[in-house]
Amino acid sequence: MTYTEIERDPNEPPRGHARVVYLGPVAPHWEIQSDFGDRAMIDGFRDRVQARLQLVPPHDPQFRRNRERVIRDAERENLLLDWDLGQPEDA
């Protein structure tokens, strides 16, 4: 299997938006919300994020690695990505 890097114009506007929200210590831990973008693309992204984070709360050591994968996925799809971990920004 080979991967091909897609060159994107850095000035290209984002194709959608996704916000990953931590719901709490009881599963499901995560919800993916979107403000705009193609519904099929956002649904595909949501499915991949849920697969990566489904059983991984933010304090789990696996979370950091999976979060990086979610960020790379959003970059490939040219999505704006926000995280709401339920903590203040400076904590």
Side-chain angles (χ1 to χ4, degrees):
M1 178 182 235
T2 60
Y3 293 96
T4 304
E5 289 291 326
I6 300 171
E7 292 279 335
R8 294 204 183 273
D9 180 1
N11 297 322
E12 183 179 336
R15 295 175 35 199
H17 170 264
R19 179 180 308 106
V20 182
V21 179
Y22 178 63
L23 299 176
V26 178
H29 300 295
W30 302 98
E31 178 180 82
I32 292 75
Q33 304 169 345
S34 178
D35 293 333
F36 67 93
D38 179 63
R39 184 180 174 100
M41 179 184 63
I42 297 295
D43 286 346
F45 180 76
R46 176 180 294 119
D47 292 343
R48 294 189 301 276
V49 170
Q50 289 290 0
R52 290 183 174 115
L53 299 178
Q54 184 175 14
L55 300 174
V56 184
H59 61 274
D60 189 295
Q62 182 72 30
F63 172 73
R64 188 176 190 179
R65 184 171 27 195
N66 288 6
R67 180 179 179 168
E68 291 302 317
R69 291 176 178 154
V70 169
I71 291 170
R72 285 194 304 269
D73 189 1
E75 289 172 351
R76 279 192 301 271
E77 296 285 349
N78 196 14
L79 295 174
L80 287 176
L81 181 64
D82 295 326
W83 293 84
D84 181 356
L85 301 178
Q87 302 171 347
E89 292 290 325
D90 57 348

For a 4.5 angstrom cut-off between non-hydrogen side-chain atoms, does [X] reach [Y]?
X   : Y   : result
D35 : H17 : yes
V20 : L81 : yes
E68 : R65 : no

Next item on the list: Taking side chain to side chain contact (heavy atoms under 4.5 Å, CB included) as the test, write out the residues that go with D84, two or more places apart.
Entry: V21
Item checked: Sequence-distant partners of R48, side chain to side chain contact (heavy atoms under 4.5 Å, CB included), two or more places apart -> F45, R52, D73, E77
From [atom1] ([X]) to [atom2] ([Y]), nearest 0.5 Å:
X   : Y   : atom1 : atom2 : value
N78 : M41 : CG    : CE    : 8.0 Å
R15 : I42 : CZ    : CD1   : 9.0 Å
R46 : S34 : CZ    : OG    : 7.0 Å

Next item on the list: Verify the cluster assignment for L79 and I71: are they in a single hydrophobic cluster under the rule of side-chain heavy atoms below 4.5 Å apart?
Entry: yes
Next item on the list: Tell me whether the guanidinium CZ or amine NZ of R19 lies under 6.0 angstrom from the six-membered ring centre of W83 and within 45° of its axis.
Entry: no
Item checked: All side chain to side chain donor-acceptor pair (under 3.5 Å) counterparts of E31, not counting sequence neighbours -> Q33
Notebook entry, point to check: What are the two closest heavy atoms between Y22 and P58, and how far apart are they?
Noted result: CE1-CD, 3.0 Å
Next item on the list: Test W30 against V70 for side chain to side chain contact (heavy atoms under 4.5 Å, CB included), laying out the working first.
Entry: CA-CA 13 Å; W30 302 98; V70 169; over 6 Å; no
Margin query: Taking side-chain contact (heavy atoms from CB on, under 4.5 Å) as the criterion, tell me which of D47, L53, D43, V49 meets it with I32.
Written below: V49
